[in-house]
2 protein chains.
Amino acid sequence: MRETDAVKLQPVDISKTASVADIVFEALRKAIIEGDLKDGEPLRQDEIARLFNTSRIPVREAITMLEQQGLVTTQRYKGAVVASIAPDEVAEIFDFRALVEGTVIKAAVERMSDESRRMARQCHEAFSSSTDPMSWGDLNRQFHYTLYQDSGLPYHLGIVNNALDRIDRYLRAQLMLSNGRARAHDEHLGILEACEAGKADLAADLTRRHILGAKTSLLDHLKRK
Amino acid sequence: MRETDAVKLQPVDISKTASVADIVFEALRKAIIEGDLKDGEPLRQDEIARLFNTSRIPVREAITMLEQQGLVTTQRYKGAVVASIAPDEVAEIFDFRALVEGTVIKAAVERMSDESRRMARQCHEAFSSSTDPMSWGDLNRQFHYTLYQDSGLPYHLGIVNNALDRIDRYLRAQLMLSNGRARAHDEHLGILEACEAGKADLAADLTRRHILGAKTSLLDHLKRK
DNA sequence: TATGCAGATATTGGATCCAATTTACAATAT
DNA sequence: ATATTGTAAATTGGATCCAATATCTGCATA
């Protein structure tokens, strides 16, 4: 087949397809950050291998990936459990997010495309109108990610995503609190309008407040029970 | 043996000892960040397994850990190579470090013990008097780490360490530039004195400048060749 | 009843084996 | 000569097996 021939077949680069370990990793990651696997719950290699119709080898690989991400902790010969996270560390991660996400959104606003602005508003509206509490977490995250994506800071984004993974469970809980979602809605609107108006510093400031507000609200809640 | 008996044997908690995978990981990590394994160099599982007198299983685990850390990149059925890093990303990581390390040192100065201050000065002097270029990188990193350790921000510190791992090779190169080490020495002294005087904001500001200065000097160098 | 011990069972860590894929290279055709 | 094909070697991904450790259970004993 000459290079000038029409391409009749969708080429698929096999070297980029997901290995079994990747699939298991993604499934476990999702289950952990959504809270389906609770703090301290053990991950049995055999059991997971059976669930995925595979051997323990890819499962072990997936677990070491999760451990590097801080989503599970393992002890030699005892196995892996879903990582629990002390309130102190939750607080620290929120502070970290405020610092980094503030910087990221500032960079993003300064180079944000109209397309991204439109998408962000769509996300905002989807978040507002959704009645399924299970989806709030996803929509919330998607809204923020849309605002960040033009930042041109892929390294920062990777770090932020990992930080979000670590506390995703708690964020979801926070959204379900009495006025959690309503407040998120209002604050999102403020951030969105700042972005649409091209006010980068304002967007950064509102984002920081948004994150730190969620932090105190969540910590109050954690303390109370 | 009653509890009141003298302890004749140092107890060792086996569940905390390092697995073979951990050992291989540490060795490879060190080789990569010190530049002994160059950009793009392939990591052959068999070869590494032979070197450590083990099978490929722990080697594969080590490689997946390295991949999660961003130190190697792998392609299915093709294997792992030492991750190369584009100048853009080097620049971004320096910016990230300036942001986070500035915050960290501010928190650290506000709660820094006299002991840590003494250790920091010792590190500074060791860095100044060392004549072995190979050790400069270690001493430099040790100096900064000593200043950060009282921050009470373990999550931030983990992130900073990972960022440092990614660019350690380049930092070492930067120290070897014509006036790289002399300038580092002067800037370190300024930071150290700010810490000793308890001036947190000044220390943060100097740290940010120190990092951003290293960034421009390094990028100039990368561009020139 | 509570405690300690012994063996059985379960679970993880590592070694070896097989399958899937890539890479190197020689043979062949144009 | 260059490009193409076929084949063998090298390499990785995954399965299975064995060893090391932990956990559980029943039983004896104070």
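Note that the coordinates shown come from a computational prediction; the quantities given were computed from them, not determined experimentally. Within every chain, numbering begins at 1; the chains are lettered A, B, ... in the order of the sequence lines, protein sequences first and strands thereafter. Side chains are part of it too, since the values below use all heavy atoms of this structure and drop only hydrogens, waters and symmetry mates.
- Residue pairs meeting the ring pair (Phe, Tyr, Trp, His ring centres under 6.0 Å) criterion with at least one member in residues 85-118 of chain A, sequence neighbours excluded, are A:Phe96-B:Tyr155, A:Phe96-B:His156.
- For A:Leu139, the side chain to side chain contact (heavy atoms under 4.5 Å, CB included) partners at least two apart in sequence or on another chain are A:Ala126, A:Phe127, A:Ser130, A:Ser135, A:Gln142.
- Residue pairs meeting the salt bridge (Lys or Arg N to Asp or Glu O under 4.0 Å) criterion with at least one member in residues 147-165 of chain B, sequence neighbours excluded, are B:Arg29-B:Asp165, B:Arg141-B:Asp165.
- Contacts of residues 62-69 of chain A with DNA chain C (heavy atom under 4.0 Å): none.
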What string of B, S and - do you get for nucleotides 9-18 of chain C, 5' to 3', when a contact is any protein heavy atom under 4.0 Å?
--SBBBBB--
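- Screening residues 48-63 of chain A for side-chain hydrogen bond (donor to acceptor under 3.5 Å, both in side chains), with sequence neighbours left out, gives A:Gln45-A:Arg56.
- Judged as a salt bridge (Lys or Arg N to Asp or Glu O under 4.0 Å), and not counting sequence neighbours, the contacts of A:Arg118 are A:Glu115.
- In terms of the side chain to side chain contact (heavy atoms under 4.5 Å, CB included) criterion, B:Asp88 has no residue partners (sequence neighbours excluded).
- Contacts classified as ring pair (Phe, Tyr, Trp, His ring centres under 6.0 Å) and involving residues 39-60 of chain A (residues at least two apart or in different chains) are not found.
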